[in-house]
Amino acid sequence: MSLDPFLPPELEHRVFTLCASNDRQSIPVLLLVCHRVKDWIEPHLFRTIIFKSKGQGSFSRIISSIVAKSPEFRAQHVRYCAIEKQEHWDDKKVYHTAQLFGLCPEIHDLALWSTFPTAELLFPILRSLQNLRRLSLNWNSVPLVVKFLNSQSADSLPITHLLWEMDQIKKLPPLLVKLPRLTHIQFSWWATDDHSSAPIWMESVEQLTSVPMVELILIHLPGAHWSKLGVENESGILVKYPELDHIKVIVAHHGELHGNFFLAVEWELGVYGGDDLWTRAQKTLDQRRACKG
């Protein structure tokens, strides 16, 4: 059977790349179609690297695949990386993690949802990513990143978007000097019905609203309790949150999703071109500005 295309090359390319973008599960099959399709699809396979919590062999398999690619391929195509919670760090995993970021210096969206065994592993990673624009942290990784930013040897991070833990909010304002490009901040708060701690972080949020470079402050809260405080639109955004009535501050809820699972769902949604929470919040902010203007 002939493998000559029946469609114009531009259309054929569009069909296969759309398929790969919309359904990552199809990529392994698409790679086997023919050489020209493999050349089109392979960048989609390596564009996003995710180290799952389970399946400890994934580190070595992913690294082996990346090592086989040329430096030009890695620099051009590897853009997103997430490290989910790792229960155990052995010497091999530490080596592979350091190797990954040495091979892929052009990553611009990094999610760190795991503890790290030593600062000696994480600090060089943060220093090496000169084009990092988005950084997503959780309760496992915030303390070590705080330590990095407080270290005298740390250069400033070029990130524009930061996801931070609400219970660590008071540590953030003094660190802004090391985050000179930061314009968007997202806080995750996992409390359920306890409203007593709200005034503690509200004061810090109000302090951040006065920082000129900060354009958007996004807070996501448990939906069951907090959705009662405002009218929710179709994006999960509260139209009004009485205690924080500021144009920069947008409050959303995360419904039944919780913890790392919520972070992973939203992060992957954005990485793969969907309407993630950052995008929905930005649309809300633009609408507010348009109405005010």
Side-chain angles (χ1 to χ4, degrees), residues 42-53 56 58-86 89-138 140-165 168 171-172 175-186 263-264 267-268 270-271 278:
E42 204 167 35
H44 290 268
L45 182 64
F46 286 91
R47 183 170 175 262
T48 304
I49 306 296
I50 302 176
F51 294 109
K52 296 290 186 180
S53 298
Q56 301 302 319
S58 63
F59 268 70
S60 58
R61 289 196 301 270
I62 291 173
I63 293 298
S64 297
S65 300
I66 291 174
V67 167
K69 297 300 173 187
S70 67
E72 294 78 15
F73 181 95
R74 296 192 295 261
Q76 184 177 354
H77 297 299
V78 182
R79 287 290 181 268
Y80 306 90
C81 181
I83 301 179
E84 297 183 358
K85 183 179 180 181
Q86 304 297 313
W89 288 87
D90 55 26
D91 291 343
K92 188 175 182 180
K93 185 179 289 187
V94 170
Y95 171 76
H96 282 153
T97 303
Q99 186 183 21
L100 167 69
F101 292 97
L103 293 170
C104 306
E106 297 299 321
I107 290 172
H108 65 235
D109 192 326
L110 176 63
L112 301 175
W113 301 322
S114 178
T115 54
F116 285 80
T118 62
E120 286 72 22
L121 172 61
L122 182 61
F123 286 16
I125 291 174
L126 295 175
R127 291 193 188 102
S128 69
L129 300 178
Q130 297 300 308
N131 291 313
L132 185 65
R133 293 297 177 264
R134 295 192 177 196
L135 181 62
S136 176
L137 306 172
N138 70 353
N140 289 313
S141 52
V142 164
L144 203 52
V145 173
V146 169
K147 184 177 180 180
F148 169 77
L149 291 171
N150 278 323
S151 65
Q152 293 183 350
S153 61
D155 296 326
S156 61
L157 289 179
I159 59 172
T160 59
H161 291 61
L162 174 66
L163 191 152
W164 194 263
E165 280 294 307
Q168 301 286 321
K171 296 181 180 179
L172 184 58
L175 301 176
L176 293 179
V177 67
K178 292 290 186 74
L179 305 169
R181 300 183 187 179
L182 186 64
T183 57
H184 291 60
I185 308 172
Q186 182 177 164
L263 298 181
W267 187 82
E268 291 188 32
V271 164
W278 280 123

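As the structure is a computational prediction, the values presented were derived from the model and not from experiment.
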Partner set under side-chain contact (heavy atoms from CB on, under 4.5 Å) for H161, not counting sequence neighbours: R134, H184, W278
Worked check of side chain to side chain contact (heavy atoms under 4.5 Å, CB included) between I66 and C104: CA-CA 9 Å; I66 291 174; C104 306; 3.8 Å; yes
Where at least one partner belongs to residues 102-112, residue pairs that pass side-chain hydrogen bond (donor to acceptor under 3.5 Å, both in side chains), sequence neighbours excluded: E106-N131, D109-W267
Atom [atom1] in [X], atom [atom2] in [Y]: separation rounded to 0.5 Å?
| X | Y | atom1 | atom2 | value |
| --- | --- | --- | --- | --- |
| L163 | I185 | CG | CD1 | 10.5 Å |
| Y95 | L100 | OH | CG | 12.0 Å |
| F148 | K178 | CZ | NZ | 7.5 Å |
| F101 | I107 | CZ | CD1 | 5.0 Å |
| K147 | F123 | NZ | CZ | 5.5 Å |
| T160 | L135 | OG1 | CG | 10.5 Å |

Without swapping roles, check the side chain of [X] against the backbone of [Y] for a donor-acceptor pair under 3.5 Å.
| X | Y | answer |
| --- | --- | --- |
| W164 | Q168 | yes |
| R47 | Y80 | no |
| S141 | L137 | no |

Sub-4.5 Å side-chain heavy-atom contact between [X] and [Y]:
| X | Y | answer |
| --- | --- | --- |
| Q99 | I63 | yes |
| L172 | L162 | yes |
| P158 | Q130 | no |
| S156 | L179 | no |
| I50 | E268 | yes |

Within 6.0 angstrom of F73 CZ, more than 12 heavy atoms from elsewhere: yes
Table please: side-chain donor-acceptor pairs of residues 113-122 below 3.5 Å, with sequence neighbours left out.
residue : atom : partner : partner atom : Å
W113    : NE1  : S136    : OG           : 3.0
S114    : OG   : Q86     : N            : 3.1
T118    : OG1  : L121    : N            : 3.3

For the student: nearest non-hydrogen atoms of G102 and P105, plus distance: O-CD, 4.2 Å
